[in-house]
Amino acid sequence: MLPPGTLQDRVAIITGGGTGLGKAMALEFTRLGARVVLASRKAENLEKAAAEIAEWGGEALTVPTDVRDPEQVDRMVQAALDRFGRIDILVNNAAGNFVCPAEELSVNGWNAVVNIVLHGTFYCTRAVARHWIAQGRGGNILNIIATYAWTGGPGTVHSAAAKAGVLAMTRTLAVEWAAKGIRVNCIAPGPVDGTGAAPQLWPTEEARQAVIRSVPLGRMGRPEEIAHAAAYLVSDYAGFITGEVLTIDGGQWLGRGVFKGSPRS
Ligand SMILES: CCCCCCC/C=C/C(=O)SCCNC(=O)CCNC(=O)[C@H](O)C(C)(C)COP(=O)(O)OP(=O)(O)OC[C@H]1O[C@@H](n2cnc3c(N)ncnc32)[C@H](O)[C@@H]1OP(=O)(O)O
Ligand SMILES: NC(=O)C1=CN([C@@H]2O[C@H](COP(=O)(O)OP(=O)(O)OC[C@H]3O[C@@H](n4cnc5c(N)ncnc54)[C@H](OP(=O)(O)O)[C@@H]3O)[C@@H](O)[C@H]2O)C=CC1
């Protein structure tokens, strides 16, 4: 855990900040002194998270936003600036996902996920970075991806392709904007309990147990384990890290080659 005050007076936009990992990050950033801007489609998700943040003594601005629409994204960034006068951190966390064989996936299904994950990440990144560059100041971008960006993930061609695109965007912009003081990194979480992934990716207890068996550490992740790492990456403690991916998956992707008869096969 980082000390309270680590993100004092920083302003962080978190897309998808009303639920799951986004909410966990918003709470952790609040604990560390940041003010947060929560942006996603459903106002009720955002309001519930903002109420929790207020209970912790924090301050959250909620801006209902569909990240697929660049005009809504620009308005959300302007609303953050109008309220707080600055933006220091952007977490591109919003995502959509479902399991579907690639040959059955409709064009709308493909677009729904790619537009949220890949295009939405670019629209938010561009809007915030334009502000930073115009002001001659730096900032921090954290993109939430998934390990199947490089391993592949059967049944999730839309999401895997989009997350791979976000990984390439991360590395490209880390280098392109380094001289402008903008750091860009990723976290690739493994399966995390109690998040929106559950109904999409392990909808039954049997499926959940199969996922757990695929993790060498033998359990699901916890949202706060992702949030702690996120806070580190956007803090000054990580000032020399850019273009990196921090994988937090209990060894899942490395363990894909377990042989039959090994403890978790
Ligand atoms: C082994 C574990 C490793 C862990 C890796 C986990 C990695 C990543 C995890 C995540 O990303 S978790 C995030 C999960 N959270 C969400 O998905 C929440 C947000 N999701 C949504 O809003 C929807 O699911 C959405 C479909 C992505 C978007 O919603 P929207 O309202 O815009 O779209 P719809 O109009 O409902 O649908 C558009 C289009 O998509 C088709 N579709 C939707 N669901 C399915 C499905 N289950 N199977 C096949 N197709 C689906 C839908 O039919 C529409 O297409 P058309 O019918 O119009 O052709
Ligand atoms: N949980 C897990 O095990 C894993 C998660 N991840 C990644 O972690 C991140 C968080 O996922 P998780 O917490 O599990 O899932 P959630 O479903 O809880 O979070 C997804 C968030 O994205 C928001 N969102 C979806 N579509 C849009 C949109 N068009 N515009 C704005 N916001 C949108 C949703 O809010 P709303 O409905 O209000 O729009 C929701 O808050 C995602 O990037 C996911 O891919 C990666 C690997 C594993």
Side-chain angles (χ1 to χ4, degrees), residues 13-26 38-49 62-70 72-73 76 91-121 123-124 142-149 151-160 162-164 166-167 186-203 207-215 220-223 225-227 229-230 245-250 252-253 255-256:
I13 295 177
I14 304 174
T15 67
T19 66
L21 299 182
K23 187 172 91 172
M25 289 187 271
L38 309 179
S40 78
R41 296 165 303 176
K42 298 183 190 124
E44 65 271 23
N45 287 345
L46 302 176
E47 291 311 327
K48 271 191 218 155
T62 60
V63 190
T65 309
D66 189 329
V67 297
R68 293 174 284 196
D69 177 347
Q72 288 189 40
V73 167
M76 178 271 290
V91 182
N92 286 303
N93 165 80
N97 208 350
F98 52 82
V99 176
C100 181
E103 68 278 16
E104 291 169 19
L105 183 62
S106 70
V107 169
N108 280 346
W110 166 267
N111 284 339
V113 171
V114 173
N115 285 342
I116 300 169
V117 174
L118 181 59
H119 299 181
T121 295
Y123 300 148
C124 293
L142 178 63
N143 296 325
I144 309 300
I145 58 166
T147 55
Y148 54 45
T151 64
T156 60
V157 66
H158 41 15
S159 175
K163 296 288 192 185
V166 174
L167 175 56
C186 290
I187 286 180
V192 181
D193 249 341
T195 61
Q200 310 286 346
L201 302 179
W202 51 92
R208 183 172 169 277
Q209 290 305 325
V211 170
I212 289 174
R213 280 196 300 278
S214 75
V215 179
M220 295 259 176
R222 303 183 190 105
E225 290 173 321
I226 309 301
V245 186
L246 179 53
T247 300
I248 308 174
D249 74 340
Q252 188 195 37
W253 85 269
R256 283 159 65 95

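Start at 1 and go down the list; that is how both ligands and their atoms are numbered.
Counting heavy atoms from C-beta outward, M220 and I212 have side chains that approach closer than 4.5 Å. Between K42 and K48, the closest side-chain pair of non-hydrogen atoms is not below 4.5 Å. The side-chain heavy atoms of V166 and N92, taken from C-beta on, include no pair separated by under 4.5 Å. Proximity of P191 to L201: side-chain heavy atoms (C-beta onward) are nowhere separated by under 4.5 Å. Between V215 and D249, every side-chain heavy-atom pair lies at or beyond the 4.5 Å cut-off. Considering only heavy atoms from C-beta on, V192 stays 4.5 Å or farther from E225 through its side chain. Contact of the H119 side chain with the V114 side chain is registered, since non-hydrogen atoms from C-beta on lie closer than 4.5 Å.
Protein heavy atom closest to atom 58 (O) of ligand 1, with residue, atom name and distance, is N108 ND2, 2.9 Å. Atom 16 (C) of ligand 1 has A95 O, 3.7 Å as its closest protein atom, hydrogens excluded (heavy atom only). For atom 27 (C) of ligand 1, the closest non-hydrogen atom on the protein side is G96 CA, 3.6 Å. In this structure, the protein non-hydrogen atom closest to atom 9 (C) of ligand 1 is N97 ND2, 3.3 Å. Here the heavy atom of the protein found nearest to atom 6 (C) of ligand 1 is L201 CD1, 3.2 Å. Closest protein heavy atom to atom 27 (C) of ligand 2: R41 NE, 3.5 Å. Among protein heavy atoms, the minimum distance from atom 42 (N) of ligand 1 is reached at F98 CZ, 3.5 Å. A112 CB, 3.9 Å is the protein heavy atom nearest to atom 38 (C) of ligand 1.
At distances below 3.5 Å, not a single donor-acceptor pair connects side-chain atoms of N115 with backbone N or O atoms of R68. Judged by distance alone, with hydrogens and angles left aside, the side-chain atoms of T15 form a donor-acceptor pair with the main-chain N or O of A94 at under 3.5 Å. The closest donor-acceptor contact from the side chain of E104 to the backbone of P101 lies at 3.5 Å or more, if one exists at all. Under the 3.5 Å distance criterion, the side-chain polar atoms of S159 are left unmatched by any main-chain donor or acceptor of T156.
Using a 4.0 Å cutoff on heavy atoms, G120 does not count as a contact of ligand 2. At least one heavy atom of N93 lies less than 4.0 angstrom from ligand 2. Assignment of Y148 to the shell around ligand 2 is not supported, since no heavy atom sits closer than 4.0 Å. Taking 4.0 Å as the cut-off, P189 counts as a neighbour of ligand 2 on heavy-atom distance. At least one heavy atom of R68 sits closer than 4.0 Å to an atom of ligand 1. Distances shorter than 4.0 angstrom occur between a heavy atom of R41 and an atom of ligand 1. Residue contact annotation: G190 has a non-hydrogen atom under 4.0 Å from ligand 2. Using a non-hydrogen distance threshold of 4.0 Å, K23 does not register as a contact of ligand 2. Using 4.0 Å as the threshold, I226 has no heavy atom nearer than that to any atom of ligand 2.
Each of the following atoms of ligand 2 lies closer than 4.0 Å to a heavy atom of I145: 46 (C), 47 (C). Heavy-atom proximity to G196, at under 4.0 Å, picks out these atoms of ligand 1: 14 (C), 15 (N). With ligand atoms numbered from 1 in the order given, ligand 2 contributes 21 (C), 22 (O), 23 (C), 41 (O) to contacts under 4.0 Å with heavy atoms of G16. Here is the list of ligand 2 atoms found below 4.0 Å of a heavy atom in G20: 13 (O), 18 (O). Atoms of ligand 2 found under 4.0 Å from any heavy atom of S40, numbered from 1 in the order shown, are 31 (C), 32 (N), 35 (O), 36 (P), 38 (O), 39 (O). Counting atoms of ligand 2 from 1 in the listed order, those under 4.0 Å from a heavy atom of K163 are 42 (C), 43 (O), 44 (C), 45 (O). Contact atoms of ligand 2 toward W202: 3 (O) (distance under 4.0 Å to a heavy atom of the residue). Listed by number with element, the atoms of ligand 2 under 4.0 Å from a non-hydrogen atom of N45 are 36 (P), 37 (O), 38 (O). Residue A146 has at least one heavy-atom neighbour below 4.0 Å for each of these atoms of ligand 1: 7 (C). Here is the list of ligand 2 atoms found below 4.0 Å of a heavy atom in T65: 30 (N), 31 (C). Atoms of ligand 1 found under 4.0 Å from any heavy atom of A197, numbered from 1 in the order shown, are 12 (S).
Residues A49 and L38 share a closest heavy-atom pair of CB-CD1, 3.8 Å. Closest non-hydrogen pair, P223 versus L21, comes out as CA-CD2, 3.8 Å. Of all the heavy atoms in N93 and G22, the pair that sits closest is ND2-CA, 3.4 Å.
Backbone and side-chain nitrogen or oxygen atoms of I116 are examined, and none is located within less than 3.5 angstrom of a nitrogen or oxygen of ligand 2. Looking at L21 next to ligand 2, an N or O pair under 3.5 Å apart turns up. Close N/O approach between W202 and ligand 1 is not found [any backbone or side-chain N/O within under 3.5 Å]. For the pair A146 and ligand 2, the shortest N or O to N or O distance does not fall below 3.5 Å. The shortest N/O to N/O separation between Q252 and ligand 1 does not fall below 3.5 Å. For ligand 1, none of its N or O atoms has an N or O atom of Y148 under 3.5 Å away.
Inside a 4.0 Å radius of atom 55 (O) of ligand 1 there is at least one protein heavy atom. Per-atom contact check: atom 40 (O) of ligand 1 touches the protein, criterion being a heavy-atom distance below 4.0 Å. Distances from atom 44 (N) of ligand 1 to the protein include at least one heavy-atom value under 4.0 Å. Of the protein's heavy atoms, at least one falls inside 4.0 Å of atom 49 (C) of ligand 1. Contact annotation for atom 23 (C) of ligand 1: protein absent (non-hydrogen atoms, distance under 4.0 Å).
When each of F98, Y148, W110 is paired with H158, the ring pair (Phe, Tyr, Trp, His ring centres under 6.0 Å) condition holds for F98 and for no other.
Nearest to atom 59 (O) of ligand 1 by heavy atom, out of A149, S106, G109, is S106. The option from A94, A95, G96 that lies nearest to atom 25 (C) of ligand 2, judged by heavy atoms, is A95. With distances taken over non-hydrogen atoms, the option nearest atom 30 (N) of ligand 2 out of V211, N115, V67 is V67.
When non-hydrogen atoms are compared, ligand 2 lies under 4.0 Å from neither the backbone nor the side chain of N97.
Taking CG from L142 and CE from M25, the interatomic distance works out to 6.5 Å, rounded to the nearest 0.5 Å. With values rounded to the nearest 0.5 angstrom, N143 atom CG is found 9.0 Å from K163 atom NZ. With rounding to the nearest 0.5 angstrom, the SG atom of C124 is 4.5 Å from the CE atom of M76.
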message = With side-chain hydrogen bond (donor to acceptor under 3.5 Å, both in side chains) as the criterion, how do T65 and Q72 come out once you've worked through the C-alpha distance, each side chain's angles and the decisive distance to 0.1 Å?
response = CA-CA 6 Å; T65 309; Q72 288 189 40; 5.3 Å; no
